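Step one of this worksheet: look at the structure below.
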Amino acid sequence: MNLRVRENPWRLMLAVNVAVVIGVFLYKITREPYVPYIHLLVDYHFGFTKRALIGAIAGLFFSKVPVWLVFALGGAVWLITLGLFIRLFQRTFGLNHEHLPLFVFMAGSPFFLKNFMHTLGHFDIYGCALAICLLLVPARSLVFVILAALGSMILVLIHHIHLLMYVPTIAVIVVLRYYLVQRRPALNVSVGIAAAAAIGVLFFAAQFYGSMAVPQDEFVLYLRSRMADPTRTSLLSFAYIWYQSLAQELHDTWQRMPSNILGVPVFALLIWLHAPLWRYFADLIGSLAEDLHRRIVIAGIIMVSLAYLIMFAIVFDYSRWISNWAVCMFLILHTVKTLPTSRTAPLISAEVHKTTILGWIVTLVPRVGIVRPF
């Protein structure tokens, strides 16, 4: 492999991305994992509780939860997601020279794997991993729909905001991969409606009945009993989120809106840096053989984007929401590639100088962040 910049810049970009990921990981493990750690402590001890599934599973293996488990579990899920995405890209496009720029703009995007490394231990990546799995498994029967519904319900139990974050994208994947090719509309639609209703009921229960009913002092005392080092009380500073109502979350978000909205131009710039990728996505949609498929894809993109706009109004982790929105677009692009086309969409050219410059910028941006840009 020749790694000289002039001859193989895209391969060199991949190597630089690996170095950037390692750097982000080393930076991350030196920081206190406040939110991810407390999620490993909360379980169903006090009854049905929102955001408690991961902690309940951790409790099956650890009576006292060590801090390093955040990085071990988060790192394992990150590596699994990386492997799944490489397999997906290989199956959808192929890991060859012609598709290398497309792979760099996706896998090397600061929205994707690099930001998942920065948010190591958070729950976002679970939705992405499930969506990739649904793109890899066969979609020949109603079992596919049921698997998607069960997976979505697990995501809601991990964190109910997945209803807006990845469940809409999963719905788009199910529609494009299954409903557009099946010929039993009555049964299919009935199962789909029942699945959507079950997910909605579970979300409603988590949102409005999943808050802690015991005093916060008692809750914190229980969490300390599950800590491997109960003296590190600063790691419990986010216990209040299990007591927050929807009205409180809205109030906090809009109170911070004036300062957080200043990051929107930066987000817009980061999105623009991926212009060759978005151009290819638009060409791919335009190349679809059936106009109905094209309209459904566009409607799905609008639905997913509206879900993220609702999240923007509710929770102020804007950098995470923008990043996951972009990841959802990547996943929908893979889904669209499987639909029948009337012509071949032109690939991202590795020879265009502007595209190469944008590829380098995307490569060198290490992450997007959690709340504000970087």
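All figures in this text were calculated on a predicted structure; none of them were measured in a lab.
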Side-chain heavy atoms under 4.5 angstrom apart, residues restricted to Ile, Leu, Val, Met, Phe, Trp, Tyr: same cluster for [X] and [Y]?
| X | Y | value |
| --- | --- | --- |
| Trp10 | Ile357 | yes |
| Leu176 | Leu147 | no |
| Val143 | Val137 | no |
| Val352 | Leu277 | no |
| Leu364 | Phe374 | yes |

Under a 4.5 Å cut-off applied to non-hydrogen side-chain atoms, are [X] and [Y] in contact?
| X | Y | value |
| --- | --- | --- |
| Trp68 | Ile29 | no |
| Met329 | Val304 | yes |
| Phe62 | Leu40 | no |
| Tyr308 | Leu164 | no |
| Leu41 | Leu235 | no |
| Pro366 | Tyr27 | no |
| Leu202 | Leu163 | no |
| His39 | His122 | no |

Measure across [X] and [Y] and return the closest heavy-atom pair with its distance rounded to 0.1 Å.
| X | Y | value |
| --- | --- | --- |
| Asn188 | Tyr178 | OD1-OH, 2.9 Å |
| Val20 | Thr363 | CG2-O, 4.0 Å |
| Cys128 | Leu331 | O-CD1, 4.4 Å |
| Met165 | Cys328 | O-SG, 3.5 Å |
| Thr356 | Ala350 | OG1-O, 3.7 Å |
| Val368 | Pro110 | CG2-O, 3.4 Å |

Hey, is the main chain of [Y] close enough, under 3.5 Å, to the side chain of [X] for a donor-acceptor pair?
| X | Y | value |
| --- | --- | --- |
| Arg91 | Leu136 | yes |
| Trp78 | Leu120 | no |
| His162 | Phe123 | yes |
| Lys50 | Phe208 | no |
| His274 | Leu270 | yes |
| Trp242 | Thr49 | no |
| Lys114 | Val365 | yes |
| Arg367 | Met117 | no |
| Asn115 | Gly369 | yes |
| His159 | Ile161 | yes |

Quiz prompt | ring pair (Phe, Tyr, Trp, His ring centres under 6.0 Å) against His99, all qualifying residues, sequence neighbours excluded | solution = Phe93
Quiz item: Can you name the residues that form a ring pair (Phe, Tyr, Trp, His ring centres under 6.0 Å) with Phe25, not counting sequence neighbours?
Solution: none
Only distances under 3.5 Å count here; give the side-chain donor-acceptor pairs of residues 286-293 to other protein atoms, sequence neighbours excluded, each with its distance to 0.1 Å.
unit_1	atom_1	unit_2	atom_2	d
Ser287	OG	Leu284	O	2.7
Asp291	OD1	Arg294	NH1	2.9
Asp291	OD2	Arg295	NH1	2.2

Exercise. Verify side-chain contact (heavy atoms from CB on, under 4.5 Å) between Asp229 and Met227, making sure each step is shown before the conclusion.
Key: CA-CA 5 Å; Asp229 184 2; Met227 295 175 68; 5.7 Å; no
Measure the [atom1]-[atom2] distance between [X] and [Y] for me, rounded to the nearest 0.5 Å.
| X | Y | atom1 | atom2 | result |
| --- | --- | --- | --- | --- |
| Ile80 | Tyr126 | CD1 | OH | 9.0 Å |
| His251 | Arg256 | NE2 | CZ | 11.0 Å |
| Glu98 | Phe103 | CD | CZ | 15.0 Å |
| Ile332 | Ile298 | CD1 | CD1 | 12.0 Å |

Quiz item: Yes or no on side-chain contact (heavy atoms from CB on, under 4.5 Å) for Leu157 and Tyr44, after CA distance, side-chain angles and deciding distance?
Solution: CA-CA 11 Å; Leu157 290 174; Tyr44 299 112; 4.2 Å; yes
Exercise. Report the C-alpha distance between Phe105 and Leu358 in whole Å, list the side-chain angles of each, state the deciding distance to 0.1 Å, and finish with yes or no for side-chain contact (heavy atoms from CB on, under 4.5 Å).
Key: CA-CA 9 Å; Phe105 273 104; Leu358 292 177; 4.1 Å; yes
Exercise. Please work out whether the ring planes of Phe219 and Tyr243 are parallel, tilted or perpendicular, with thresholds of 30° and 60°.
Key: perpendicular
Quiz item: Would you call the rings of Phe330 and Phe112 parallel, tilted or perpendicular, where under 30° means parallel and over 60° means perpendicular?
Solution: perpendicular
Quiz item: Tyr222 and Phe46: ring-ring contact (aromatic ring centres under 6.0 Å, His included), yes or no, with the steps?
Solution: CA-CA 10 Å; Tyr222 173 71; Phe46 295 107; 5.4 Å; yes
Exercise. Report the C-alpha distance between Asn324 and Phe111 in whole Å, list the side-chain angles of each, state the deciding distance to 0.1 Å, and finish with yes or no for side-chain contact (heavy atoms from CB on, under 4.5 Å).
Key: CA-CA 7 Å; Asn324 283 285; Phe111 291 130; over 6 Å; no
Quiz item: What do the steps show when you test Tyr318 against Phe312 for ring-ring contact (aromatic ring centres under 6.0 Å, His included), and what is the final call?
Solution: CA-CA 7 Å; Tyr318 290 165; Phe312 262 63; 4.5 Å; yes
Self-check item: Verdict with reasoning, Asp43 to Arg226, per salt bridge (charged side-chain N to carboxylate O under 4.0 Å, His left out)
Solution: CA-CA 10 Å; Asp43 57 14; Arg226 295 200 63 201; 3.4 Å; yes
